[in-house]
Protein chains: 2
Amino acid sequence: MQISSKFTIAIHLLAVIHYLGEDGKATSSVLAGSIGVNPVIVRNVMGNLKEAGLIKISQGKSGITLSKKPDEITFYDVYKAVDCVKEEGLFHFHENPNPECPIGRNIHTAMDAKLDRIQASMEAEMRGITLADVMTDIQNELKKE
Amino acid sequence: MQISSKFTIAIHLLAVIHYLGEDGKATSSVLAGSIGVNPVIVRNVMGNLKEAGLIKISQGKSGITLSKKPDEITFYDVYKAVDCVKEEGLFHFHENPNPECPIGRNIHTAMDAKLDRIQASMEAEMRGITLADVMTDIQNELKKE
DNA sequence: TTTTCCTGTAATCGCGTATATTACAGGCAG
DNA sequence: CTGCCTGTAATATACGCGATTACAGGAAAA
């Protein structure tokens, strides 16, 4: 099991948009070229990011730009925007525990809060990492070249 | 995307085994009945838990027992035992970023450590929760009935 | 030792989800 | 107006999860 690549695609997307800057020629085809996936996937992810208010899209001979500064865009924002993990939560609970069994009819109550805590801890870590951190690391790599 | 129910099945399994106790008639069929899944799934999960040294299995007219005390079995132990999340990590990275693009050829380096940190934070939380915590909550629920 | 039940495991099936791909309608910029 | 781009639907393919059947082998109990 893995979290859909839509998440890393979205971060990559934002990084390229920021790198190209205001006047940049960021289109779904250009972005798809850098990321190595189909342009339609990029357009879908772009749609998610737009709904979440992270980017601005203009049509025609366009130009896609960030709506916020890189240090205001957290991994959590992106993760929520692309909706990789559904409402039911990160953990798939087996659905038919036996209510005739003392464990079966209480296992859900006993575990739900604990699973939520685990997921919350992951999401908290995500709130502490921003697009700016990624850009810094990329620029450090580029200097080495 | 969700983490396979093998994880919650495994916890449920351990809870029933502990509840039935040493002389308990815990077999894959009995366990499957409480959990509400196919016995073969239970046997596979049992195999994982056995490899990880969490339970002892004897064949014939059997009896499955815990190898450790409930407060020595953490969620992390179980999660690792059932191998829900593969070696490549929790996040699925898009596989073909373009090396001709300055972002494309550095995005992996820039993100890997960050993704690991997120996963590590989740796993750390898991180390702090044990089977004993689950048993306590279940017993509290049973008292209410 | 024989019987009986249980585990271990392979093979197959159905289903849902991820990603790719094609196609086309609609919108904005030049 | 024209050309390029986005938005989105429809479809195809691949893969993983869980269900199910089937059977070989082993250990306990008689």
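Chain naming here is simple, since letters A, B, ... match the order of the sequence lines and numbering starts at 1 in each. Side-chain atoms are counted along with the backbone in the values below, which use heavy atoms only and exclude waters and symmetry mates.
For the pair A:F93 CZ and D:dC17 P, the interatomic distance rounds to 19 Å; values are reported in whole Å. Straight-line distance from the NE2 atom of B:H94 to the C1' atom of C:dA20: 16 Å, rounded to whole Å. Remark: C1' of C:dA29 and NZ of A:K25 are 10 Å apart, rounded to the nearest angstrom. Rounded to whole Å, the distance from CD1 on B:I41 to C1' on C:dC15 is 14 Å. If you measure from atom CG of B:D83 to atom P of D:dG16, you get 13 Å, rounded to the nearest angstrom. Rounded to an integer number of Å, the gap from A:Q2 CD to D:dA14 C1' is 15 Å. A:N48 has its CG atom 15 Å from the C1' atom of C:dT19, to the nearest Å. The separation between A:F91 atom CZ and D:dC17 atom P is 15 Å, rounded to whole Å.
Residues forming a side-chain hydrogen bond (donor to acceptor under 3.5 Å, both in side chains) with B:T74 (at least two apart in sequence, or on another chain): B:D77. Under the rule for a side-chain hydrogen bond (donor to acceptor under 3.5 Å, both in side chains), B:K143 has no partner lying at least two apart in sequence or in another chain. In this structure, A:Y19 has no ring-ring contact (aromatic ring centres under 6.0 Å, His included) partners at least two apart in sequence or on a different chain. Judged as a ring-ring contact (aromatic ring centres under 6.0 Å, His included), and not counting sequence neighbours, A:H92 has no contacts.
Distances shorter than 4.0 Å separate some side-chain N or O of B:S4 from OP1 or OP2 on D:dG18. The side chain of B:N38 places no N or O atom within less than 4.0 Å of a non-bridging phosphate oxygen (OP1 or OP2) of D:dG18. Between B:K50 and the phosphate of C:dG8, there is a side-chain N or O to OP1/OP2 separation shorter than 4.0 Å. Put simply, A:K86 has no side-chain N or O that comes within less than 4.0 Å of OP1 or OP2 on C:dT17. For the pair A:S28 and D:dC5, the criterion of a side-chain N or O lying under 4.0 Å from OP1 or OP2 is not met.
Counting only heavy atoms from C-beta outward, the side chains of A:L66 and A:I55 approach each other to under 4.5 Å. Residues B:F93 and B:M111 are in side-chain contact: their nearest non-hydrogen atoms beyond the backbone lie under 4.5 Å apart. The side-chain heavy atoms of B:L14 and B:H18, taken from C-beta on, include no pair separated by under 4.5 Å.
Residue B:T27 has its side chain nearest to C:dC6 when only C:dA20, C:dC6, C:dG8 are considered. Nearest nucleotide to the B:I57 side chain, out of D:dT20, D:dG7, C:dT7: C:dT7.
Mapping B:S29 and B:N96 onto DNA chain C by nearest heavy atom places B:S29 at the nucleotide closer to the 5' end.
Rounded to 10 degrees, the angle separating the terminal helix axes of the helix from C:dT1-D:dA30 to C:dG30-D:dC1, each built from five base pairs, is 30°.
From A:I103, atom CD1 reaches atom CD1 of B:I35 across 10.5 Å, with rounding to the nearest 0.5 Å.
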Pull out every protein N or O sitting under 3.5 Å from an N or O of nucleotides 8-11 of chain D, one pair per line with the distance.
residue: D:dT8; atom: O4; partner: A:R43; partner atom: NH2; Å: 3.3

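Using a 4.0 Å heavy-atom criterion, one finds that A:S5 contacts the sugar-phosphate atoms exclusively.
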Q: Show your working on salt bridge (Lys or Arg N to Asp or Glu O under 4.0 Å) between A:D83 and A:K80 and close with a plain yes or no.
A: CA-CA 5 Å; A:D83 200 33; A:K80 276 296 172 191; over 6 Å; no

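Using bins of under 30°, 30° to 60° and over 60° for the plane-to-plane angle, the ring pair B:F7/B:F75 lands in the perpendicular bin.
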